[in-house]
Structure formats: C-alpha cells, structure tokens
Amino acid sequence: MNLNATGSKTRDWLFIFILGAIYRLVLLWQFPALYGGDSVGRLFYRDSIFFGHWLPLLQSLIVAGFDVTNSVMIIRVVIILAGSLSALGFYEFVRVISRNRNQPFSDQASWRRLPLIAGILFTLCPLYVYLSIVPYQEVIFLGLMFGGLAFLLGNEDRKLWGYLLYGLACLTRYEAWLLLPVLFFLEVRRLWHAAGGRIIHWIPAFKLLLALGWAPLVWMLLNEFHWGEFTAFLFQKEGSVYIWHSHFSLSIAATYLTRMLWWIVKYGSPLVLFAVPGIYFFRKERSRFPLPVRILGLLCLFVLVLLTFIAGPEFAHAHRFAAIPLSLVLIFTAVGIERFVGHLQQKRTRAFTILLPMVLIILSIYSAIPVARANQRPDNSTAYQVARFLDRALSANEKAVIVAQGFREYPQVIPMPYQRIAAQSNLNRNRMLSASHLGLNGEDTVARLISEQNVRYVVICSKFEPWRASDRFFMEYVKAEKNHLRRMEKGMAEVYELGRVDF
C-alpha cells in the first residue's frame with residue numbers, strides 16, 4: 001500500500017465532502033422552501049415507506065428520520081449530507097478508470113488529479129445541487145451506483161462492498177436494475193476465465209445471482225407482504241404498467257434528444273464543453289474506452305431508449321432524467337479540464353492559482369441559480385411561509401383547514417398546495433385538514449366541524465373558483481364572519497384565525 005497515495009485520497013475525500021456539505025447547507029439556509037413534485041410527496045407521506053412504485057431506501061430514511069427527530073428540516077439536512085457523500089462514489093469510479101491496469105494514463109500525475117477534479121465537478125454540478133437540496137433520490141442513487149461499480153469493477157478483494165452498495169442503488173432507483181444482467185454476465189465470464197474455460201458449477205452462479213439481485217428480491221418480497229403481489233410496484237394505475245407507454249416517433253425522439261443535450265449543457269454548466277477535448281485526449285491515451293466507461297455508456301443508452309420510446313409524455317419534460325447521461329459527460333469534462341490544468345502547471349504561470357478559485361466561485365453561483373429560482377416561485381415560497389406560521393401558531397390539539405384547488409381529472413388526489421404546506425410542517429398530518437376532502441354540504445356543517453375538530457386557522461390557497469362544495473362553503477363561511485381575523489397574507493395564500501363559534 002502506498003501511504004502517500006492513501007493520504008492524498010483521504011484529503012481528497014474530506015475536501016470534496018466538506019465542500020459539498022457546507023455549500024448545500026448554506027443554500028438550505030438561504031433558500032429553505034421545498035420545491036419539486038416527488039420531493040413534496042416524499043415528505044408528505046413521511047409515515048409510510050410504501051407508496052406506489054417508489055423504491056424504499058430514501059423513503060425509509062425519511063420515515064425513520066422523522067420518527068426520531070420530528071423535524072422536516074433535520075431530515076433535509078441528513079439527505080443533504082447523504083448527497084454530499086455521493087460525490088465520493090463518483091470519485092472512486094473515476095479513480096478506477098484512471099488507474100486501469102491494462103491502459104494506464106501515460107502521465108501518472110494526470111490520474112492522481114483526475115478523480116479530484118471529477119469529484120469537485122460532481123459536488124458542484126448545478127443539476128445535482130438542485131436535486132440534493134430537497135428529497136429527490138437521483139444524487140443518492142448515483143453515489144451508491146458509482147460506489148458499487150467502483151468495488152465491483154476495480155477491486156477483486158472487496159466485491160462484497162460492491163454487492164452491498166449496488167444493491168442499495170437498486171433500492172433507490174430502477175435504472176440500476178437495467179445493468180444487473182450485464183454485471184451478471186461479466187462476473188460469469190470472469191469465473192469462467194478463472195476456471196480455465198471450464199463449465200461453471202451452478203452453485204457459484206446461483207450465489208452470484210443472489211449477490212447481485214438481492215435488492216430487487218427484497219423489494220418484491222416486501223410488495224408481496226404489503227400488497228399481496230410480488231409485482232405490485234409495477235401497477236401504479238389500474239390496468240397499466242408504471243412508465244410503460246410504448247410509442248415510436250422520430251420527431252419525438254429528435255425533440256427529446258435535443259432537449260436532453262440542452263439540459264446537459266444548462267444544468268451541467270458551460271464547463272461541460274470541456275468534454276469535447278476530453279473525449280479527444282481520452283481516445284488519444286487509450287485504444288478504446290475502459291470497461292467502466294463502456295458500462296456507464298450502455299446504461300445511458302438504456303435510459304435514453306426507455307425515456308424516448310417507452311416512457312409516457314410526462315417524462316419528456318423532467319430535466320432530472322438527464323442525471324445519468326450528465327454523469328458520463330462529467331467524466332470527459334474532468335479529463336478536458338485536467339489537461340487544461342496540466343498545461344497551465346507546465347507553463348509555470350500564476351494564472352492557475354488565480355483561475356481555480358474563480359472557477360469554483362463562479363460555478364457555485366451558477367449552481368445556486370436553479371435553487372434560488374425554485375424558491376422564488378410563489379407556490380413554493382407561500383407554502384413554506386404558511387407551514388412555518390402554523391408550526392408556531394397552532395397550540396396542542398388545535399387544527400387548521402386548508403382550502404386549495406385540486407385536480408378535476410383526479411378528484412381523489414389531495415390538492416398540491418395542501419401537500420406543499422403539510423410536507424414542510426412538523427405537525428402531524430391529522431392536524432391539517434384538506435377542505436376538499438371533508439364532504440361538507442352547508443355552512444352549518446362547516447360550523448359543526450370547526451367546533452368538533454377545534455379548528456383555529458383556515459388557509460385559503462390562491463384565488464380560485466371553487467368547484468367542490470366543501471371548498472366553496474369554507475370560503476364563504478370565512479369571508480362572511482366578521483370575527484374571523486386575517487392573520488397572514490403571503491403570496492398565494494391567506495390565513496384566517498377563526499373567532500369563537502357558538503354551536
């Protein structure tokens with residue numbers, strides 16, 4: 001073991017993790033409002049790990065965290081720390097690439113710099129920053145996947161860690177499942193070569209199958225236990241398979257691929273343009289791309305085919321699905337930047353010492369822009385302010401009713417403004433009632449419910465024309481009573497404190 005190299009690696013790890021954690025915690029402090037769709041749902045349903053097709057790892061972390069802390073903000077801090085650790089998985093994956101035994105880089109200093117540059121690019125990547133401030137699972141998934149692949153492809157003596165980390169990735173996002181047949185084939189081929197080309201006994205093959213597939217097996221067993229069907233997670237809607245909406249259109253494919261390229265540049269920062277010379281230098285050093293790069297490229301191809309020809313149209317507008325292709329681009333970006341840095345060092349110019357901090361500062365500002373914009377959206381900022389107000393104002397056993405516009409096409413779905421407020425509140429969800437789901441049929445039933453449920457506050461979200469009777473009755477009741485005080489008017493919501501109800 002090279003102690004100097006180990007010490008350097010430890011310093012790299014600490015620098016990347018501390019940089020990512022402090023940066024994200026500052027962003028959370030400055031821009032605390034929750035944004036997104038799935039991220040809201042994950043905190044809203046923080047009392048159960050079972051919700052449709054959602055894989056259980058992140059949801060289990062949220063459920064356990066809230067049970068222990070009873071604080072949404074602490075849960076978000078834990079998720080931020082987990083996202084900051086993810087950059088270390090990417091660091092190790094790139095380290096395996098740079099130390100490829102068959103085709104090492106000719107310049108030994110290059111492969112020492114490359115993982116550090118890649119780790120910094122990952123931890124300050126605008127898309128990954130945006131996705132790791134709130135409970136999205138993409139960044140944690142990437143960290144587990146890259147960490148697992150680093151052990152499986154780069155260290156024969158520590159494959160157990162690879163099986164564990166990759167299995168956890170399979171419990172985070174389904175994209176990890178796509179590579180399981182490929183990894184199984186590679187491991188079988190390795191065993192076949194180790195056996196001198198003889199037929200492999202079924203026992204090692206079965207053990208390998210369990211080692212790689214333990215996580216999907218666990219998830220299917222949990223589905224059988226909870227829903228009574230091994231494949232229940234596939235059926236998010238009645239009679240249809242989750243994500244399956246097969247279609248073929250060259251125009252749709254071209255539009256989607258163009259949009260994907262734009263997302264990679266926009267949410268990867270203009271630095272990803274270094275990937276172009278990075279590919280050139282990579283190919284100049286290597287006769288072909290090393291196995292880890294080819295496997296990642298294959299996963300990108302699987303994902304693009306899935307999203308372009310199979311997934312429903314709603315997936316074509318979610319930029320977070322660029323996370324996996326962007327990770328491949330970041331590897332070549334790191335190579336291009338590393339060569340540029342090496343050129344400056346060879347010139348022995350002081351520009352390098354000035355340029356590096358400037359790039360880090362500019363990248364930090366650029367990565368904060370999507371988070372800041374999301375926090376400035378009225379629906380996000382209003383929900384955060386209302387949640388904080390209710391946390392402070394509601395006493396024990398008091399409740400609030402939230403009047404919010406729902407979905408006409410899906411009347412059973414809880415209105416999103418209500419979800420956004422409840423997801424950011426530390427109060428139990430039964431302390432916040434959704435007016436549209438109360439089934440009230442007149443102002444007398446409103447008054448009775450207010451008295452029986454000890455309702456102190458009513459939140460009217462946005463100015464909408466109520467199409468549900470319960471919403472309309474609550475709005476009319478609050479506006480008609482003079483002893484109801486408007487305590488807060490913030491953005492898209494008004495909060496009324498109810499006067500005494502004699503019923």
Side-chain angles (χ1 to χ4, degrees), residues 34-80 82-83 131-132 134-141 144 167-174 176-177 214-238 240-243 320 383 387 390-391 399-402 404 406-407 410-434 436-438 453:
L34 187 67
Y35 52 85
D38 282 5
S39 59
V40 171
R42 289 188 176 277
L43 286 176
F44 181 76
Y45 295 104
R46 55 180 176 255
D47 54 354
S48 175
I49 65 171
F50 295 99
F51 188 80
H53 61 275
W54 284 352
L55 283 161
L57 184 66
L58 179 57
Q59 199 63 20
S60 298
L61 181 64
I62 291 172
V63 171
F66 193 79
D67 284 344
V68 172
T69 67
N70 201 40
S71 170
V72 170
M73 198 56 67
I74 292 179
I75 291 175
R76 294 184 62 184
V77 169
V78 171
I79 292 172
I80 280 175
L131 295 175
S132 60
V134 297
Y136 279 117
Q137 71 272 44
E138 278 80 3
V139 176
I140 295 176
F141 157 71
L144 292 170
L168 293 176
C170 289
L171 292 176
T172 309
R173 284 197 65 85
Y174 291 103
W177 296 30
W214 68 267
L217 179 61
V218 165
W219 181 228
M220 286 187 282
L221 289 174
L222 287 174
N223 275 258
E224 173 66 23
F225 173 78
H226 184 74
W227 281 300
E229 188 176 350
F230 288 104
T231 58
F233 62 92
L234 289 174
F235 301 96
Q236 183 186 16
K237 297 179 181 178
E238 187 70 25
S240 62
V241 178
Y242 168 63
I243 211 176
R320 60 194 178 101
L390 294 177
D391 280 356
K399 297 182 181 181
V401 171
I402 299 173
F407 304 90
Y410 303 112
Q412 75 280 4
V413 176
I414 299 173
M416 276 305 298
Y418 168 78
Q419 289 193 45
R420 292 185 189 280
I421 295 171
Q424 299 182 84
S425 171
N426 296 326
L427 301 172
N428 289 331
R429 203 162 61 238
N430 59 11
R431 303 272 307 275
M432 295 186 185
L433 309 176
S434 173
S436 61
H437 286 73
L438 292 176
Q453 296 289 331

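Across Gln137 and Arg173, no two heavy atoms sit closer than the pair NE2-NH1, 3.1 Å. Of all heavy-atom pairs spanning Gly83 and Ile140, the tightest one is N-CG1, 4.3 Å. Considering every non-hydrogen atom in both Ile79 and Ser132, the closest pair reads CG2-O, 4.3 Å. Looking at every heavy atom in both residues, Val139 comes nearest to Leu131 through CG2-CB, 4.0 Å. Of all the heavy atoms in Phe141 and Ala169, the pair that sits closest is CD1-O, 3.6 Å. Taking both residues in full, the closest heavy atoms of His437 and Pro415 are given as CE1-CD, 3.8 Å, listed atom of the first, atom of the second, then distance.
Using a 4.5 Å heavy-atom cutoff, the side chains of Asp38 and Arg320 are in contact. Between Pro417 and Ile402, the closest side-chain pair of non-hydrogen atoms is not below 4.5 Å. Taking 4.5 Å as the limit, every side-chain heavy atom of Leu144 sits out of range of all side-chain heavy atoms of Leu171. Within the 4.5 Å cutoff, side-chain heavy atoms of Leu433 are placed close to those of Val401. When side chains are defined from C-beta on, Met416 counts as touching Phe407, because their heavy atoms get closer than 4.5 Å.
Rounding to the nearest 0.5 Å places CG of Asn430 at 6.0 Å from NZ of Lys399. Note that the OG atom of Ser60 and the CD1 atom of Ile62 stand 9.5 Å from one another [nearest 0.5 Å]. The line from OG of Ser425 to CG of Leu43 is 11.5 Å long, rounded to the nearest 0.5 Å. One distance of note links CG of Leu58 with CD1 of Ile75; it measures 10.0 Å at 0.5 Å rounding. Rounding to the nearest 0.5 Å gives a distance of 10.0 Å between CG of Asp391 and CE of Met73.
For the salt bridge (Lys or Arg N to Asp or Glu O under 4.0 Å) condition, the pairs that include at least one residue of residues 45-59, sequence neighbours left out, are Asp47-Arg429.
A donor-acceptor pair is defined here as one N or O able to donate and one able to accept, closer than 3.5 Å; no such pair exists between the side chain of Thr231 and the backbone of Leu234. In this structure, the side chain of Gln419 engages the main chain of Ile414 through a donor-acceptor pair within 3.5 Å. In this structure a side-chain-to-backbone donor-acceptor pair under 3.5 Å is missing from Trp54 to Ile49.
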(request) Verify side chain to side chain contact (heavy atoms under 4.5 Å, CB included) between Val72 and Asn426, making sure each step is shown before the conclusion. (result) CA-CA 6 Å; Val72 170; Asn426 296 326; 3.6 Å; yes
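Here the rule is side chain to side chain contact (heavy atoms under 4.5 Å, CB included) with Val40, and of Ile421, Val134, Leu34 only Leu34 fits it.
Aromatic pair Phe44/Tyr418: centroids less than 6.0 angstrom apart.
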Show which side-chain atoms of residues 217-225 pair as donor or acceptor with protein atoms under 3.5 Å away, not counting sequence neighbours.
{"residue": "Trp219", "atom": "NE1", "partner": "Tyr174", "partner atom": "OH", "Å": "3.1"}
{"residue": "Asn223", "atom": "OD1", "partner": "Phe233", "partner atom": "N", "Å": "3.0"}
{"residue": "Asn223", "atom": "ND2", "partner": "Trp219", "partner atom": "O", "Å": "2.7"}
{"residue": "Glu224", "atom": "OE1", "partner": "Glu229", "partner atom": "N", "Å": "3.4"}
{"residue": "Glu224", "atom": "OE1", "partner": "Phe230", "partner atom": "N", "Å": "3.4"}

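With sequence neighbours left out, the ring pair (Phe, Tyr, Trp, His ring centres under 6.0 Å) criterion links Tyr136 to no other residue.
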